[in-house]
2 protein chains.
Amino acid sequence: MPKSPAPLYEQIRQLIVAALAAGEWRPGDALPSEAALAERFHASSGTVRRALDELTAEHLVERRQGRGTFVATHTAPRNSYRFLRLVADDGESGFTRELLHCRRARATAETARALQLRTAEPVIEVRRLLLRRAEPVVLDDLWLPERHFDGLNAAVIDAYPGTLYALFEERFGVHMVRAEEKLRAVAAGTDAAALLRVTAGEPLLSVDRVAYTYGDRPVELRRGLYHTQADHYRNELN
Amino acid sequence: MPKSPAPLYEQIRQLIVAALAAGEWRPGDALPSEAALAERFHASSGTVRRALDELTAEHLVERRQGRGTFVATHTAPRNSYRFLRLVADDGESGFTRELLHCRRARATAETARALQLRTAEPVIEVRRLLLRRAEPVVLDDLWLPERHFDGLNAAVIDAYPGTLYALFEERFGVHMVRAEEKLRAVAAGTDAAALLRVTAGEPLLSVDRVAYTYGDRPVELRRGLYHTQADHYRNELN
DNA sequence: GAGTGGTCTAGACCACGTA
DNA sequence: ACGTGGTCTAGACCACTCA
């Protein structure tokens with residue numbers, strides 16, 4: 001409970017986020033100009049600018065001089081694999097994808113907790129591989145609440161040319177804003193070992209991710225196993 | 001080569017960083033007020049404020065309303081283990097330390113490249129353990145250019161109550177600003193296994209870090225092995 | 001040329017910490 | 001009471017994009 005009311009730029013920031021969550025502007029769309037937003041929110045353009053600067057830092061919008069302010073989108077080429085920190089030791093960063101399955105399931109207690117669902121609520125379960133130069137390097141398992149991704153199936157995924165997050169955004173209106181990851185070193189189980197073409201027991205980097213959409217609502221649980229023989233997870237600390 | 005000159009707030013930011021690097025204000029010290037800096041740099045206070053806001057975002061300074069602007073320091077309690085992302089699964093984040101050795105050595109080709117030294121230049125090599133509830137969870141190996149850390153030895157480290165980065169800052173005037181890490185899953189070798197009390201071959205999280213001081217100058221190479229049985233490496237993606 | 005965001009200024013007023 | 005940073009405003013001018 002804040003003692004004093006939030007500053008005006010913060011209130012405006014929250015109003016814009018609410019409008020984004022409500023779909024008033026879709027990813028890729030232009031927002032109104034600073035001056036128009038200033039009139040709408042009864043504030044000066046400097047205050048609106050401050051709100052938009054915060055949203056830019058959060059990667060919710062992108063501003064381009066002379067063009068306007070646009071809702072950030074995972075469909076932009078510069079945003080593909082935005083949340084995947086795995087890069088080859090030689091710098092290469094492209095992948096090919098191979099879908100293993102996509103099926104309906106029931107949320108386990110753990111999945112339900114992460115996604116703020118009730119246990120046994122319907123979810124969609126996806127398993128896929130990412131390969132670099134025909135070598136599998138990532139085995140991903142995803143769980144998605146079915147109520148946000150109704151109609152998602154293997155055919156839809158296979159037909160889509162971009163990343164999963166671009167697909168979620170374009171077809172289901174779910175834009176991923178941020179994510180939290182927990183990393184561990186684990187020994188490969190027999191099934192993962194076979195799929196990643198390593199021997200069972202070999203060390204793999206386990207990456208548990210919860211991804212959030214507007215308003216900090218969790219909408220994806222993902223468990224990745226990364227083969228870090230010739231790749232590494234790159235991180236910057238500030 | 002920038003076509004147009006950098007904006008004034010950026011020039012001022014760089015001048016302040018240069019002053020920090022030159023030691024004009026030491027960690028924990030107060031910087032001059034906005035008004036004083038505005039006069040010094042012949043700019044408006046709004047422009048100086050913008051420069052200081054950027055430095056705040058980079059964690060180079062901290063601003064406190066009513067008090068002033070202060071040079072960030074690793075000796076502040078809230079900054080201890082600022083670059084260590086390992087947390088226990090139950091949330092606990094404290095450690096005890098155990099120094100294993102601290103000795104002079106010569107830079108290997110790899111160390112020299114990371115620290116921008118010549119091969120065989122003198123470095124100081126440190127090995128230590130971090131323990132949680134008497135259980136070892138981190139084995140760290142550090143390499144430091146001797147010319148920045150002359151006089152560092154086991155007695156100095158053992159006598160110091162704070163973190164290594166606080167020690168480096170207080171005793172050697174080297175403030176770590178940011179770091180880059182490369183993470184991998186590896187199998188424990190016999191020596192690491194013994195020190196971390198695991199069986200050889202067990203998966204460990206390998207964390208290679210290069211830490212930088214003001215002006216992006218690399219001053220520490222660190223290789224950590226994390227036992228991620230009851231701990232995980234926490235990361236936020238934006 | 002019109003419209004957009006980016007920079008820079010000057011100044012008012014508020015909130016906080018110290019004395 | 002005073003000095004600090006935090007918020008908010010109004011407006012000038014510049015840089016870029018597109019028709």
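So that the names make sense, note that chain A is the first sequence line, chain B the second, and so on, each numbered from 1. Side chains included, hydrogens not; waters and symmetry mates left out as well; all remaining heavy atoms used.
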The criterion is side-chain hydrogen bond (donor to acceptor under 3.5 Å, both in side chains); which residues satisfy it with A:W25, sequence neighbours excluded?
none

Go through residues 10-21 of chain A and report each residue with a non-hydrogen atom lying under 4.0 Å from DNA chain D, sorted by number.
none

Please report the closest heavy-atom contact between A:L115 and A:L221, naming both atoms and the distance.
CD2-N, 3.6 Å

B:Y81 side chain near B:L130 side chain, heavy-atom distance below 4.5 Å
yes

Distance-only check: which donor-acceptor pairs under 3.5 Å involve side-chain atoms of residues 67-76 of chain A, not counting sequence neighbours?
| unit_1 | atom_1 | unit_2 | atom_2 | d |
| --- | --- | --- | --- | --- |
| A:T69 | OG1 | A:R63 | NE | 3.1 |
| A:T69 | OG1 | A:R63 | NH2 | 3.3 |
| A:T73 | OG1 | A:T75 | N | 2.9 |
| A:T73 | OG1 | A:T75 | OG1 | 2.7 |
| A:T73 | OG1 | A:E169 | OE2 | 2.2 |
| A:H74 | ND1 | A:E169 | OE1 | 3.4 |

Kindly calculate the angle separating the two end axes of the helix from C:dG1-D:dC18 to C:dT18-D:dA1, each obtained from five base pairs, and round it to 10 degrees.
10°

Phosphate OP1/OP2 of C:dC8: any B:Y9 side-chain N/O under 4.0 Å:
no

Distance test, side-chain N/O of B:R50 to OP1/OP2 of C:dT7, below 4.0 Å:
yes

Check each residue of residues 27-47 of chain A for a non-hydrogen atom within less than 4.0 Å of any atom in DNA chain C, then write out the ones that pass by number, or none.
A:S33, A:E34

Can you classify the ring geometry of A:F168 versus A:F172 as parallel (below 30°), tilted (30 to 60°) or perpendicular (above 60°)?
perpendicular

At what distance, to the nearest 0.5 angstrom, does CZ of B:R85 lie from OG of B:S93?
13.5 Å

Less than 4.5 Å apart, side chain to side chain, heavy atoms only: is that true for B:L167 and B:I157?
yes

Under 4.0 Å from any atom of DNA chain D, heavy atoms only: list the residues of residues 51-73 of chain A that qualify, in numerical order.
A:Q65, A:G66, A:R67

Nearest whole Å is fine: how far is C:dC14 C1' from A:L8 CG?
14 Å

